Amino acid sequence: MDGNGRWARRRYLPRVAGHRQGVDAVRNTVRACAERGVSALTLFAFSSENWRRPAEEVSLLMQLFSNALQREVRQLHENGIRFRVIGDLSRFDPKLVQLIESAQALTATNTRLTLTVASNYGGRWDMLQAMNRLRKEPDSGRPWNEDDLKRHLSLGDMPEPDLFIRTGGEQRISNFLLWQLAYTELYFTDTLWPDFDGEALDRAIQSYRLRERRFGRTSEQLAEGSSRSLSA
Ligand code: IPE
Ligand code: MG
C-alpha cells in the first residue's frame, strides 16, 4: 500500500491525512475482496524499514492501526473474516499486541476471507526466522527441502499468492513476501493507495486474467493440459 503521503501532498494536506484516507481504502478493499470471493488478502502495512521515518509519523501510524483495530474487528468478525498479523511484533506497544492477539483469537475460525496485515514485516526477516526455527527441530538426517522451510514461514499454512498489487507507481517488491512471490503475477499501478477501491481491484484482476501462468511449462503443454489434467 503505497502513495498515502503523495495523495496528501497533492491536496496540500499533512501526510497523516493520507494515512487516514488509506485506512478507508483498506476497508473498501477488504469489502471488495470478500464480495469477489477472494480467499486471502495480505496487506503490507508497515515494513521493517519504515521505522526510519520521523518518530512522529511512526507513532501516528501505530495509533491509526490500533484505532482501526478497535473500531473494525467486530465488523470483520460478523463478515466471516479471519484476521491475522505477520511480522516482528517485539517492538510494538504491548497494548497494541494485546489488541492484535484478541482480534486473532476472536476471528480464528472464520473461513470466508483471511485478511493478513504484514506489520514490521520483511521478507528476509521471515526467511531468517524460518531458518532459525527449522534449526531447532530434531535433526531428520536428510537435507532440508523447500517444504521444510516453507512450513516455518509466517504464511506457511497459506497458498502462495496469485496476484501481487503495488500502488503508487513504484515497480519494486520492497522486501515483501520474497519466498512466496516466486510465481506470483506482479501488477503495478500509478493509483495512489488512498484512491484504491473495488474498481481499481477489478482492473488488477482483469490484467491477471490475461496472463498465462505456465509455471515453467510451454504454452502448448498448457493447451494440452486443459483437456487432460497436468501432473507435476
Ligand atoms: C504508504 O504510503 C503507507 C506506509 C508505508 C505506512 P507512503 O507513506 O509511503 O506514501 P508516499 O510514498 O510518501 O506517497
Ligand atoms: Mg511510499
Side-chain angles (χ1 to χ4, degrees), residues 1-33 40-73 76 81 83-93 95-97 99-100 103-104 114-126 154-155 161 163-178 180-181 184 186-201 203-204:
M1 303 185 284
D2 202 6
N4 295 355
R6 280 163 284 166
W7 184 93
R9 197 168 61 225
R10 282 180 197 175
R11 289 163 178 77
Y12 304 100
L13 295 168
R15 292 178 61 83
V16 50
H19 295 317
R20 286 217 179 87
Q21 197 69 30
V23 176
D24 291 345
V26 168
R27 192 183 304 107
N28 292 336
T29 304
V30 171
R31 183 180 305 135
C33 283
L41 171 67
T42 304
L43 298 171
F44 202 2
F46 192 83
S47 75
S48 337
E49 291 75 26
N50 285 146
W51 293 107
R52 297 177 191 152
R53 292 191 177 198
E56 205 184 327
E57 181 167 344
V58 171
S59 96
L60 209 134
L61 285 166
M62 295 296 158
Q63 195 58 51
L64 277 178
F65 188 18
S66 142
N67 292 349
L69 264 178
Q70 294 181 69
R71 251 195 344 254
E72 315 277 348
V73 166
L76 291 177
I81 294 165
F83 175 79
R84 62 201 287 203
V85 172
I86 57 169
D88 178 5
L89 297 187
S90 62
R91 261 179 93 173
F92 281 43
D93 183 296
K95 272 186 245 144
L96 179 53
V97 176
L99 275 176
I100 290 171
Q104 290 184 149
T114 298
L115 168 63
T116 304
V117 172
S119 203
N120 195 21
Y121 178 88
R124 292 178 180 174
W125 165 84
D126 199 2
S154 302
L155 293 180
L163 174 62
F164 163 101
I165 300 172
R166 179 165 184 153
T167 61
E170 244 75 66
Q171 305 203 350
R172 294 192 278 275
I173 290 173
S174 296
N175 202 13
F176 196 33
L177 305 164
L178 295 179
Q180 292 91 339
L181 291 176
T184 302
L186 305 180
Y187 176 81
F188 299 96
T189 170
D190 289 335
T191 301
L192 302 174
W193 175 253
D195 292 324
F196 200 85
D197 57 10
E199 270 177 45
L201 177 68
R203 286 195 291 274

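A quick note: this is a predicted structure, and the numbers were derived from the prediction, not measured. As the structure lists them, so they are numbered: ligands from 1, and atoms in each ligand from 1.
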Original post:
Which residue and non-hydrogen atom of the protein lie closest to atom 6 (C) of ligand 1, and at what distance in Å?
Top reply: A45 O, 3.2 Å

Original post:
N/O of R15 under 3.5 Å from N/O of ligand 1, yes or no?
Top reply: yes

Original post:
Counting each atom of ligand 1 from 1 as listed, which ones have a heavy atom of H19 under 4.0 Å away?
Top reply: 3 (C), 8 (O)

Subject >> Heavy-atom closest pair, residues A8 and P14 >> reply: CB-O, 3.3 Å

Original post:
Looking at R6, which atoms of ligand 1 are within less than 4.0 Å of one of its heavy atoms?
Top reply: 11 (P), 12 (O), 14 (O)

Original post:
To which protein heavy atom is atom 1 (C) of ligand 1 closest, and what is the distance rounded to 0.1 Å?
Top reply: M1 O, 3.0 Å

Original post:
Does R11 make a cation-pi contact with W7 (under 6.0 Å, within 45 degrees of the axis)?
Top reply: yes

Original post:
So, the side chain of D88 versus the backbone of N120: is there a donor-acceptor pair under 3.5 Å, distance only?
Top reply: no

Subject >> From F65, W51, F176, Y121, residue fulfilling ring pair (Phe, Tyr, Trp, His ring centres under 6.0 Å) relative to F46 >> reply: W51

Subject >> Where V26 and L43 come nearest, the two heavy atoms and their spacing >> reply: CG1-CD1, 3.7 Å

**OP:** Could you tell me if any non-hydrogen atom of G168 lies under 4.0 Å from any atom of ligand 1?
**Re:** no

Original post:
In ligand 1, which numbered atoms sit nearer than 4.0 Å to a non-hydrogen atom of N50?
Top reply: 5 (C)

Original post:
What do you reckon, does R53 put a non-hydrogen atom under 4.0 Å from ligand 1?
Top reply: yes

Original post:
Polar-atom distance check: N4 versus ligand 1, any N or O pair below 3.5 Å?
Top reply: yes

Subject >> Residue pair H19 / N4: nearest heavy atoms and the distance that separates them >> reply: ND1-ND2, 3.0 Å

Original post:
Can you name the nearest heavy-atom pair linking S119 to V85, along with the distance?
Top reply: CB-CG1, 4.2 Å

**OP:** For E170 and ligand 1, answer yes if some heavy atom of the residue is under 4.0 Å from a ligand atom, otherwise no.
**Re:** no

Original post:
Counting backbone and side-chain atoms alike, does D2 have an N/O/S atom under 2.8 Å from the Mg ion (ligand 2)?
Top reply: yes

Original post:
For ligand 1, is there an N or O atom under 3.5 Å from any N or O atom of G5?
Top reply: yes

Original post:
Just checking, any donor-acceptor pair under 3.5 angstrom between side chains of R166 and S174?
Top reply: yes

